[in-house]
Amino acid sequence: MMSFQTIKQMVFLVIIFAVVLNFHIAFGSEDINLFRIGTGGKSGVYYPIGKIIAQGISNSSISIEKNEEKTTSTYLSFAQNSGGSVDNVQGIIAGEIEAGLVQADVASWAFRAAHVFKENSKAQDIRAIASLYPEKFQIVTRRDAKVGNVDDLRGKHISIDELGSGTLAVMRIVLEAHGLRETDLKPVYLKPVFTHDKIVSGELQGFVMMAGAPMEAVSQLLNNGISLVPIAPAIASQIKTKYPYLVPGKIAANIYPGIPETPTIQVHALLVVHKAMDNELVYKITAALWGKQTLSLLKAGHPQGKSIMPNTALTGVSIPLHPGAKKYYQQHVDRFNASQLK
Ligand code: GLU
């Protein structure tokens, strides 16, 4: 005889399976829907943070009444790995994911149909739920490659991330600001999960990533003799004049034990959805994100999670807020920096 517990687990698995295959499943008057969050590579920061946010959303038991159909929609959330910011915008527009983590610079290009989105005016339909945390441009090299600055990357085997990442777009800007062409390096286009062994063996001399710090891809290499390459503040300021969301910043000393403070550029990571998403749903997602439970999961679950705070929820938001999120902030001005509401 199967125990009640086993039967319950089996029913749950069938639901998950059906949801994953069909995106929603109806039980009489109840509709279960997916809220998929596009993130990045598995050893970055988007992925673990996206997983925690998804857990927070699922735990919040969000449901929306659809009166005309007499149904209640409830939401289960999952994080999916992806190529990164550019991929996440494309996924939202294509309806393949409901939300995504996106660098503020990439989001603003999408909203203005500019730069990597020049040919894609549909990308203008993305809207923000919140700003989460600052990402730092991390240029990680083997110490024995003796790379003291960006110019020294010339001729080196460096992974500059895949097409679809926000990292690659920023790396191209960084190279341009130093008067370097991509082909001045010996570039490969891989996510850090695929570069780790190649860096350990010396086949690659480094990789770059625009991500929160600390991130696993760097921490895993600390015993292999690595350095972070600085971007000179004067060049960082120059980049900002052309790309206002890429601003001078620092990777603090000992974020990675033994690695000194390193000047670089930074950008805010945003949580983004499609403008056509239901206002009430976005309102409830925003409430779930800033609820006590999700905040404590974030604090306990990842070092970067501690810096996801209501007082910076509107900092560096480069595109309009979704009306559902805006309503939430307007109703809770005491917790958020309302002067930043636009
Ligand atoms: N910001 C990176 C990108 O869009 C991803 C960072 C991460 O995975 O944490 O490519």
Side-chain angles (χ1 to χ4, degrees), residues 40-41 43-46 48-49 103-105 131-154 156 158-161 165-167 169-180 185 192 195-196 199 204-269 298-299 302-309 311-312 315-316:
S43 56
V45 178
Y46 280 6
I49 291 290
Q103 292 170 203
D105 58 334
S131 171
L132 299 177
Y133 59 87
E135 298 187 80
K136 315 279 165 119
F137 198 66
Q138 302 172 57
I139 308 175
V140 184
T141 56
R142 282 176 61 107
R143 217 174 286 147
D144 60 10
K146 300 202 168 17
V147 178
N149 54 48
V150 174
D151 295 302
D152 294 341
L153 291 173
R154 203 182 280 275
K156 301 284 191 304
I158 306 291
S159 179
I160 58 177
D161 213 332
S165 67
T167 296
V170 175
M171 182 57 172
R172 288 179 168 155
I173 290 169
V174 170
L175 291 174
E176 189 192 33
H178 288 82
L180 290 170
L185 276 53
T195 61
H196 177 269
I199 290 172
L204 280 179
Q205 286 146 319
F207 74 99
V208 304
M209 183 82 155
M210 178 60 103
M215 67 166 162
E216 194 184 305
V218 179
S219 305
Q220 281 172 339
L221 286 166
L222 287 175
N223 293 332
N224 295 87
I226 51 156
S227 324
L228 287 180
V229 179
I231 296 179
I235 296 200
S237 306
Q238 202 181 305
I239 291 175
K240 181 178 180 260
T241 54
K242 195 156 169 205
Y243 301 96
Y245 297 102
L246 293 172
V247 302
K250 289 185 189 91
I251 301 162
N254 294 311
I255 278 276
Y256 299 111
I259 300 213
E261 180 180 282
T262 310
T264 188
I265 51 174
Q266 67 178 46
V267 70
H268 285 276
L298 283 165
K299 205 167 159 194
H302 193 280
Q304 191 70 71
K306 293 185 191 61
S307 59
I308 302 180
M309 307 270 275
N311 62 346
T312 51
T315 307

message: I'd like to know if the side chain of Ser131 and the backbone of Thr315 have a donor-acceptor N/O pair within less than 3.5 Å.
response: yes
- prompt: Is atom NZ of Lys156 surrounded by more than 12 heavy atoms (other residues, nucleotides or ligands) closer than 6.0 Å?
  reply: yes
query: Distance from Thr141 atom OG1 to Ile158 atom CD1, nearest 0.5 Å?
result: 6.5 Å
- prompt: Just wondering, do Phe207 and Val218 contact through their side chains at under 4.5 Å, heavy atoms?
  reply: yes
- line: Heavy-atom closest pair (Ile160 atom, Val208 atom, distance to 0.1 Å) is CA-CG2, 3.7 Å
query: Side chains of Gln103 and Tyr245: donor-acceptor distance under 3.5 Å anywhere?
result: no
task: State the CD-OG distance between Gln220 and Ser43, to the nearest 0.5 angstrom.
output: 6.0 Å
Minimum heavy-atom distance Met210-Thr167, with the two atoms named: N-OG1, 3.0 Å
task: Determine, stepwise, if the pair Thr241 / Gln238 fulfils side chain to side chain donor-acceptor pair (under 3.5 Å).
output: CA-CA 5 Å; Thr241 54; Gln238 202 181 305; over 6 Å; no
field: Considering all heavy atoms, the nearest Ile231-Val150 contact
entry: CG1-CG2, 4.2 Å
field: From Ile239 atom CD1 to Leu246 atom CG, the distance as rounded to the nearest 0.5 Å
entry: 7.0 Å
message: Taking Ala211's backbone N and O only, do any of them form a donor-acceptor pair with Gln138's side chain (distance below 3.5 Å, no angle check)?
response: yes
task: Quick one: closest heavy-atom pair of Gly212 and Met215, and the distance?
output: O-CB, 3.7 Å
query: Counting N and O atoms only, with roles assigned by atom type, does the side chain of Asn149 sit under 3.5 Å from a partner on the main chain of Asp152, one being a donor and the other an acceptor?
result: yes
field: Point-to-point distance, once rounded to the nearest 0.5 Å, from OH of Tyr243 to CG of Asp105
entry: 9.5 Å
message: Using side-chain heavy atoms (C-beta onward) and a distance below 4.5 Å, is Pro233 in contact with Pro263?
response: yes
field: Check: His196 and Leu221 side chains under 4.5 Å, non-hydrogen atoms
entry: yes
Check: Ala217 main-chain N/O paired with Ser219 side-chain donor or acceptor under 3.5 Å: no
query: Looking at Ala269 and Tyr46, what are the two nearest heavy atoms and their distance?
result: CB-CE1, 4.0 Å
task: Of all the heavy-atom pairs spanning Pro214 and Tyr256, show the shortest one and how long it is.
output: CA-OH, 3.4 Å
- prompt: When rounded to the nearest 0.5 angstrom, what distance separates CG in Leu228 from CD1 in Ile251?
  reply: 5.0 Å
- request: Any chance you could measure Met171, atom CE, to Leu153, atom CG, to the nearest 0.5 Å?
  value: 5.5 Å
message: Would the distance check show the side chain of His178 and the main-chain N or O of Leu180 forming a donor-acceptor pair, the cut-off being under 3.5 Å?
response: no
- prompt: Any side-chain heavy-atom pair from Ser227 and Val147 closer than 4.5 angstrom?
  reply: no
